[in-house]
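Scroll down for the structure; my scribbles are underneath it.
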Amino acid sequence: VTSPGGTDPSTLADGVRSGNRRAVARAITLVESTRPDHRADALMLLDALLADTGQSIRIGISGPPGVGKSTFIESFGLHLVEHGHQLAVLAVDPTSTRSGGSVLGDKTRMAELSRHPSAFIRPSPGGAEVGGVARRTREAIAVCEASGRDVVFVETIGVGQSEVAVADMVDCFVLLVAPAGGDELQGIKRGVMELADLLVVTKADGDTAPAAARAVADHRHALQLIRPRYSSWRPEVIACSAVEGSGIDDAWAAITRFADALDASGELDVLRREQSVAWLWSELHHLVEDRVRRRAAVAEKASRLEASVRTGDLAAPAAAAALLEALDAVDSTPSVR
Ligand SMILES: Nc1nc2c(ncn2[C@@H]2O[C@H](COP(=O)(O)OP(=O)(O)OP(=O)(O)O)[C@@H](O)[C@H]2O)c(=O)[nH]1
Ligand SMILES: [Mg+2]
């Protein structure tokens, strides 16, 4: 049995655990593969790595296009690796929907970080929808942790459901916001604000410094109206200039305080357990969906039912129940192949 790199899963697991970059890259390619035989290998790999996962701090980084995510990750990331951390940067966006380009397209903005031996940067796999990319990102996090990374960034563009998907797989969700307040603040969806454990106002330098200071005050005020997600942590707002390097250490200090507070209260443990259970169910959901698509007869029925649901001729729950029945029928028929 061989994986995309021509290595069997247990050898690949050894390579990952030893921190070998090529092994890590190949392991992530394996978990991202949609081929059923690769999937079997990926499950063996993940099982072999399980005992070595969970020890990193997982940080989600989100924000609207152009807010300064890539620049922040470069400067924050360099700060961390210079302080001895082993960093991984993963992205959750379907590259096709990105205006500014994927993490890979950002190599110029993350030039120094991407060359640093203590940083591992992995672009988002292209072509897939958010759900599919998020599904594999959890597994990529596990691979990175097993390879000895103690800080994992998961970057997502702040435009859709991807924030929720990312917030569901990280410990700390950092939302980057532009140096603008007042009415413009309304532009940030309340639902996204509610996910944030830390708000970072970017570009707190030069001409935009005064606006950044006002934005900090406005966001602090706005956050008071939001019910905190944890009893041990109230979301904080800081200002930061990736260009001047100011606020970068504040960001790390806030994240470590967050992690310590949640750890002490036991909420971090609860969060991760709940995330694992949610992962189980979302994976099962995907597996059933995969199965529907792979059984030609059922897939055909699925597109017909989908059309009826779309036109309003059939209710979605009825269509779903009919598909599950069709799947059962196919699966209980002895295969001719
Ligand atoms: N003055 C100033 N400009 C910044 C700062 N951070 C980013 N910028 C500028 O803002 C622009 C967008 O920065 P990016 O880091 O590419 O933003 P992004 O959020 O990654 O953008 P997308 O990948 O397109 O979503 C660039 O022109 C940066 O040079 C900062 O701290 N200060
Ligand atoms: Mg970017």
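Just so we're clear, the structure is a prediction, and the values are computed from it rather than from any experiment.
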Open item on the list: Angle between ring planes, Phe76 versus His79, binned at 30° and 60°: parallel, tilted or perpendicular?
Closed with: parallel
Open item on the list: When you group the ILVMFWY residues by side-chain heavy-atom contacts below 4.5 Å and let the links chain together, are Leu324 and Val298 in the same group?
Closed with: yes
- [ ] State whether the number of non-hydrogen atoms from other residues, nucleotides or ligands found under 6.0 Å of Arg291 atom CZ is greater than 12.
- [x] no
TODO: Could you tell me which non-hydrogen atom of Val309 sits nearest to which non-hydrogen atom of Ala316, and how far apart they are?
DONE: CG2-CA, 4.0 Å
Task: Straight-line distance of Leu323 CG to Arg304 CZ, nearest 0.5 Å - done: 9.5 Å
- [ ] Take Ser118 and Leu87, measure what side chain to side chain contact (heavy atoms under 4.5 Å, CB included) needs, and give me the verdict at the end.
- [x] CA-CA 6 Å; Ser118 298; Leu87 174 70; over 6 Å; no
Open item on the list: Using every non-hydrogen atom in the two residues, find where Gly247 and Ile238 come nearest and quote the distance to one decimal.
Closed with: O-CD1, 3.8 Å
Open item on the list: Would you say that more than 12 heavy atoms from the other residues, nucleotides or ligands in this model lie under 6.0 Å from the CD of Glu244, or not?
Closed with: yes
Open item on the list: Could you report the tightest heavy-atom contact between Ala222 and Met193, atom names first, then the distance?
Closed with: CB-CE, 3.7 Å
Open item on the list: Between Arg257 and Glu236, does any side-chain N to carboxylate O distance fall below 4.0 Å?
Closed with: yes
Task: Heavy-atom pair with the smallest gap, counting every atom of Ser265 and Leu262 - done: OG-O, 3.3 Å
Task: Spacing of CD1 belonging to Ile226 relative to CG belonging to Leu195, to within rounding of 0.5 Å - done: 9.5 Å
Task: Of Gln55, His85, Gln86, the residue whose pairing with Asp150 passes side chain to side chain donor-acceptor pair (under 3.5 Å) - done: His85
- [ ] Consider only side-chain N and O atoms of Glu112 and His116, and report whether a donor and an acceptor are under 3.5 Å apart.
- [x] no
Task: Ser241-Asp205 side chain donor-acceptor pair, cut-off 3.5 Å - done: yes
Open item on the list: Do the side chains of Asp290 and Arg135 get close enough for a salt bridge, i.e. N-O under 4.0 angstrom?
Closed with: yes
- [ ] Determine, using the 4.5 Å side-chain heavy-atom cutoff (strictly less than), whether Met169 and Trp279 are members of one ILVMFWY cluster.
- [x] no
Task: Interatomic spacing from SG in Cys144 to CZ in Arg149 - rounded to 0.5 Å - done: 7.0 Å
Open item on the list: If I compare all heavy atoms of Ala142 with all of Thr53, which pair ends up nearest, and what's the gap?
Closed with: O-CG2, 3.4 Å
Task: Nearest heavy-atom neighbours spanning Glu163 and Thr156 - done: CA-CG2, 4.3 Å
Open item on the list: Please report the interatomic distance CD(Glu155) to OG1(Thr137), rounded to the nearest 0.5 Å.
Closed with: 11.5 Å
- [ ] Look at Arg39 together with Glu139 and state whether they make a salt bridge at an N to O cut-off of under 4.0 Å.
- [x] yes
Open item on the list: Using ring centroids (six-membered ring only for Trp), state whether Trp281 and His286 fall under 6.0 Å.
Closed with: no
Task: Arg17 side chain vs Gly148 backbone, donor-acceptor pair below 3.5 Å - done: no
TODO: Please round to the nearest 0.5 Å and tell me the distance separating atom CZ of Arg58 and atom CG of Leu90.
DONE: 11.5 Å
- [ ] Show your reasoning for whether side chain to side chain contact (heavy atoms under 4.5 Å, CB included) applies to Val177 and Val200.
- [x] CA-CA 6 Å; Val177 293; Val200 174; over 6 Å; no
- [ ] Answer with yes or no whether the hydrophobic clustering places Leu113 together with Ile248; edges join I, L, V, M, F, W, Y residues whose side-chain heavy atoms lie under 4.5 Å apart.
- [x] yes
- [ ] Could you tell me whether the side chains of Thr11 and Asp8 share a donor-acceptor contact shorter than 3.5 Å?
- [x] yes
Open item on the list: Pairing donors with acceptors under 3.5 angstrom, does anything connect the side chains of Arg122 and Thr29?
Closed with: yes
Open item on the list: Could you check whether Glu194 pairs with Arg229 (Lys NZ or Arg NE/NH1/NH2 to Asp/Glu carboxylate O, under 4.0 Å)?
Closed with: no
Open item on the list: Are Leu46 and Leu287 linked, directly or through intermediate hydrophobic residues, by side-chain heavy-atom contacts shorter than 4.5 Å (ILVMFWY only)?
Closed with: no
Task: Heavy atoms of other groups near Asp313 CG, more than 12 under 6.0 Å - done: yes
Task: Stepwise side chain to side chain contact (heavy atoms under 4.5 Å, CB included) check, Leu175 with Leu198 - done: CA-CA 6 Å; Leu175 182 65; Leu198 177 67; over 6 Å; no
Task: Worked verdict on Phe258 versus Asp263 for side chain to side chain contact (heavy atoms under 4.5 Å, CB included) - done: CA-CA 8 Å; Phe258 167 86; Asp263 199 20; over 6 Å; no
Task: Path from Leu43 to Leu30 over hydrophobic side-chain contacts below 4.5 Å - done: no
Open item on the list: Under a 3.5 Å distance rule, please check whether Arg272 uses its side chain to pair with a backbone N or O of Gly54 as donor and acceptor.
Closed with: yes
Task: Euclidean distance, Cys240 SG relative to Leu176 CG, rounded to 0.5 Å - done: 7.5 Å
